[in-house]
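Nothing here was measured: the structure is a model prediction, and the numbers come from that model. We're numbering straight along the sequence, starting at 1. Computed over heavy atoms, backbone and side chain alike; hydrogens, waters and symmetry mates excluded.
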Amino acid sequence: MSFVSVAFLGLVPATFLLYHATSRLAVQNVIILAASYVFYGWWDWRFLPLLVGISVVNYAAAILIAATHHEHTRKLLLFSAVAAAIIVLAIFKYFSFFVDSFMTIAQRAGLNPNLPTLRIILPLGISFITFQGIAYVVDVYRGKHVAERDLVKFLAFKAFFPQLVAGPIERASNLLDQFSKPRQFTADHADRALWLLIYGYAMKVVVADSLAVIVDTLFIPDQPFGWSVVLATRSPSASRSTPISTDTA
């Protein structure tokens, strides 16, 4: 679901009204989770099991690590959790690329390998989902955060739709802990949220979309590298921005 789509502009106020229609924290977390799954599954619901599966693996791995006192077993659990996440990311993002590259090299060498290729659609936000989960498990292993045992809270943390597909990668100490704190609607929250929305949409619609028309012409097809790529790439100084904390309130 695009942030500039009519569907998203309907999802946000609907979520807001349902969220603040109750003061029960557990119900509010369920509403956030449901809205996040609607947001992620809007394009293709078949990717939802992947998001849930990755989240459950992170959730279970952290609890097992926290409950284990033998250091060797803790390291084995950590390695297994990280390896599982990286393997999933590699399959979806790089499997076909490496197979195609190997076949091209082999054909130039006079070989004709018959290797299977998977035309996999890249799930939205797969990198953010993967690395956020790894960061959480590592934090639990290092004792920087307790393992969350409330599954709804954890799933909401992993699927929180305002940052699910575009980042930033939030640490558990910043975002997950907010799902355990009572939230109340205040005039300050409304004022800050409104201006953040205005600022974000202005940067996206007015600035980014306008520059995209120019930048897209500089990425010339069939030219893997050249001055057009250099001109179209932002400098490190241009990519710096003032960080804005994510607040579920």
Side-chain angles (χ1 to χ4, degrees), residues 15 18-19 22-41 45 47-93 123-184 243-249:
T15 303
L18 288 173
Y19 180 91
T22 178
S23 59
R24 294 182 59 189
L25 189 61
V27 177
Q28 290 178 331
N29 289 333
V30 169
I31 291 170
I32 290 177
L33 178 60
S36 298
Y37 282 167
V38 169
F39 171 83
Y40 193 75
W45 63 268
F47 288 128
L48 273 175
L50 176 66
L51 172 59
V52 176
I54 293 174
S55 302
V56 170
V57 168
N58 297 152
Y59 170 81
I63 291 178
L64 290 173
I65 289 172
T68 304
H69 301 290
H70 193 278
E71 186 59 25
H72 178 73
T73 305
R74 282 166 51 83
K75 287 183 178 179
L76 181 61
L77 289 169
L78 175 64
F79 174 80
S80 300
V82 173
I86 295 299
I87 289 172
V88 171
L89 179 63
I91 290 174
F92 278 97
K93 205 163 188 177
L124 295 173
I126 184 66
S127 296
F128 292 109
I129 295 167
T130 300
F131 291 117
Q132 186 181 49
I134 291 175
Y136 166 73
V137 174
V138 171
D139 280 349
V140 172
Y141 171 80
R142 292 177 174 175
K144 293 183 177 181
H145 200 279
V146 298
E148 178 58 62
R149 295 183 176 276
D150 187 314
L151 182 58
V152 172
K153 289 179 186 176
F154 186 77
L155 293 178
F157 158 68
K158 286 286 293 180
F160 190 50
F161 70 89
Q163 55 88 50
L164 177 62
V165 298
I169 299 175
E170 289 285 4
R171 305 303 288 258
S173 57
N174 183 39
L175 181 58
L176 177 56
D177 292 347
Q178 293 186 48
F179 289 97
S180 300
K181 301 175 182 177
R183 283 94 61 175
Q184 293 182 344
I244 298 174
S245 63
T246 304
D247 192 330
T248 56

Step-by-step side-chain contact (heavy atoms from CB on, under 4.5 Å) determination, F47 to I126: CA-CA 10 Å; F47 288 128; I126 184 66; over 6 Å; no
Between Y37 and L51, does a side-chain contact (heavy atoms from CB on, under 4.5 Å) hold up when you go through it step by step?
CA-CA 9 Å; Y37 282 167; L51 172 59; 3.7 Å; yes
Across all chains, not counting sequence neighbours, the side chain to side chain donor-acceptor pair (under 3.5 Å) partners of T68 are none
Residues at least two apart in sequence or cross-chain that pass salt bridge (Lys or Arg N to Asp or Glu O under 4.0 Å) with R171, listed by chain then number, are D139
| query | Would a distance-only check, ignoring hydrogens and angles, find a side-chain to backbone donor-acceptor pair under 3.5 Å from K158 to I129? | reply | yes
> Just checking, any donor-acceptor pair under 3.5 angstrom between side chains of S173 and K144?
Replying inline: no
Side chain to side chain contact (heavy atoms under 4.5 Å, CB included) test vs Y59 passes for just one of L64, V137, L151, namely L151
Check: Q28 side chain, T22 main-chain N or O, donor-acceptor pair, under 3.5 Å
yes
The side chain to side chain donor-acceptor pair (under 3.5 Å) partners of Y141 (sequence neighbours excluded) come to E71
| request: Kindly determine whether V152 and F179 satisfy side-chain contact (heavy atoms from CB on, under 4.5 Å), including the steps that lead there. | output: CA-CA 9 Å; V152 172; F179 289 97; over 6 Å; no
Taking every heavy atom of I32 against every heavy atom of A156, the minimum-distance pair comes out as CG2-CB, 4.4 Å
*Can you check whether H145 reaches D177 side chain to side chain, under 4.5 Å on heavy atoms?*
yes
Exercise for the section: Could you check whether the rings of H70 and H72 sit parallel, tilted or perpendicular, using 30° and 60° as the cut-offs? Expected result: perpendicular
